[in-house]
Every structure is written in structure tokens, then in C-alpha cells.
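Numbers for residues simply follow the sequence, beginning at 1.
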Amino acid sequence: MLRGRPRRGREAHAATGDDPGGGADPLDAAQERRVRAVLALGGVPQADLPDGVQQVRLRLLERAASGREAPRDVSAWAAVVASNLAMDWHRAKRRQERLGERLAALRQPAEHPSGEDSSVLSVAVAQGLDELPDAQRQVVVLRFYADLPVRSIADQLGVPEGTVKSRLHTAVRALRARLHEDEVV
């Protein structure tokens, strides 16, 4: 749909040959892998990853179509957008879970099955990430999985570097405690 009608700002991109709506994919293969990784590590299920990648592409195309300049670091921008999408996914999931919890409160609580022995650590880390507050999970994923520097994370999120460092410290401490509590490490 974006290709079907001309939008403000496309002429400038066409002159330079980097028209995001003219058939070229706004995300290269490495950026797409990074977006997929950020989404997956942010807790988005595998089945929803293609939709998440498309959402990032769409937001980049919409940004260009609205006449705003391209982000200085498209890869970092895409990782932050993917992280925000993962947070949105978790919020929606939590709303559904709250409803499920209300229904489950009416019956006996079920036993939680333990993870397979071969993937205990990855399951524990994933559960630990799921239990972190959104802001902490976001900076952990961006720092350690998207491999963004603290300064870039702070710039993209619009918070001071000290805030990013504080969230990282608190999140890592909580994850470490979780892994020790579960006797995984």
C-alpha cells in the first residue's frame, strides 16, 4: 500500500537512490536478524517474529514517508523499535494472563511442569527476563542481545545514561539471584 501512492519526502530519497518505498528493503539481512533476536529475546514467540519484523519495516517506511529524516543508526533504531514491540506484546499478554488468573482462581491451581534438563539454563534465563519490569527487560535485551552501547540505548530511549546503567545493574542482579534461587548456576 505504501508503494501505491506517492508521499511527501520520497522525491528526496529517490534523488539519492535510497528510496525506502521504491522497492528496496529498508532493513538489510543483518538488521533483520538483529530485530528478530531482539524480539525473540524480548519474549515474543517464534510464530509472531515475522509480524514483528514487518512492524519494524513498516515503522521505518512510515517514518520516511512522513518526510522525517532517516535515523542516524538504522540498526540501533530498529533494535529499539523491536524492543518496544516486545514490550507491547508483553503488555497484551499480561492483560490476557490476568483474565486467565481470575478464571484459574475459581479452580485448583495446576502443577507447573519443570523444563527439560538440557535447556534448564535457557528456560531459567527466559523466565527471569519475563519477570523483570518492562524497562529493565528492555535495557537488558538492547545491551546484551542487540549489543548496543549504553550511550546509544540512552539516546534511543530518551533517558540519561545513568538511568540505563542503573536499570542494567538492577536487572542483572535480579537475574543472577533468580538463577541462584533456581539452583541453575
Side-chain angles (χ1 to χ4, degrees), residues 9 12-13 16 18 20-21 24-46 48-95 121-122 124-181 184-185:
H13 291 293
T16 61
D18 64 343
D25 191 343
L27 295 176
D28 65 28
Q31 291 165 338
E32 182 176 332
R33 282 191 302 274
R34 183 182 231 183
V35 165
R36 282 180 171 278
V38 169
L39 289 168
L41 293 164
V44 175
Q46 288 289 328
D48 292 338
L49 293 181
D51 290 337
V53 171
Q54 289 298 73
Q55 282 293 319
V56 172
R57 274 193 182 97
L58 178 62
R59 290 187 185 178
L60 188 57
L61 290 169
E62 286 172 341
R63 180 184 177 108
S66 71
R68 289 183 286 171
E69 67 182 61
R72 283 188 307 214
D73 184 351
V74 173
S75 188
W77 181 89
V80 170
V81 170
S83 178
N84 288 335
L85 287 171
M87 287 176 50
D88 291 345
W89 184 88
H90 278 283
R91 285 185 193 114
K93 179 181 168 192
R94 270 192 229 118
R95 282 191 297 272
L121 180 59
S122 59
V125 170
Q127 288 173 343
L129 280 172
D130 283 344
E131 292 174 5
L132 291 175
D134 290 340
Q136 290 178 10
R137 181 183 325 103
Q138 184 178 35
V139 295
V140 166
V141 169
L142 290 173
R143 177 66 188 107
F144 298 113
Y145 295 103
D147 200 29
L148 294 178
V150 170
R151 175 174 289 163
S152 181
I153 295 169
D155 289 345
Q156 294 293 328
L157 296 179
V159 298
E161 286 183 47
T163 300
V164 173
K165 291 176 184 178
S166 173
R167 289 177 185 171
L168 278 172
H169 175 77
T170 304
V172 168
R173 188 175 58 207
L175 285 172
R176 215 177 261 142
R178 165 69 190 234
L179 294 176
H180 285 293
E181 180 181 297
V184 176
V185 291

Original post:
If you look at every heavy atom in A82 and V38, which pair is closest and at what distance?
Top reply: CB-CG1, 3.8 Å
Original post:
What closest approach, in Å, do R63 and E69 show between heavy atoms, and which atom pair accounts for it?
Top reply: NE-O, 3.0 Å
Original post:
Which pair of heavy atoms, one from V35 and one from A78, lies closest together, and at what distance?
Top reply: CG2-CB, 3.7 Å
Original post:
Excluding sequence neighbours, so at least two apart, what forms salt bridge (Lys or Arg N to Asp or Glu O under 4.0 Å) with D134?
Top reply: R91, R94, R137
**OP:** Measure the shortest side-chain to side-chain distance between L39 and W89 over non-hydrogen atoms and say whether it is less than 4.5 angstrom.
**Re:** no
**OP:** Heavy atoms only: give me the nearest R178-G128 pair and the separation to one decimal.
**Re:** CG-CA, 4.1 Å
Original post:
Can you name the closest pair of heavy atoms from A174 and L132 and give their distance?
Top reply: CB-CD2, 3.9 Å
Original post:
Roughly how far, to the nearest 0.5 Å, is the CG atom of L27 from the CZ atom of R36?
Top reply: 11.0 Å
Subject >> R34 side chain to Q31 side chain, donor-acceptor N/O pair below 3.5 angstrom >> reply: no
Could you give the side-chain donor-acceptor pairs of residues 145-170 under 3.5 Å, partners two or more places apart or in another chain?
from	atom 1	to	atom 2	distance (Å)
R151	NE	E161	OE2	3.2
T170	OG1	S166	O	2.9

Original post:
Among V74, V56, L61, which residue meets the side chain to side chain contact (heavy atoms under 4.5 Å, CB included) test with P26?
Top reply: L61
Original post:
Do E62 and R59 touch side chain to side chain, with heavy atoms closer than 4.5 Å?
Top reply: yes
**OP:** Please examine the side chains of L60 and P71, heavy atoms only from C-beta on, and report whether any two atoms are closer than 4.5 Å.
**Re:** yes
Subject >> Nearest heavy-atom neighbours spanning L49 and A40 >> reply: CD2-N, 3.7 Å
**OP:** Give, for atom CG of L129 and atom CD of Q136, the distance between the pair rounded to the nearest 0.5 Å.
**Re:** 10.5 Å
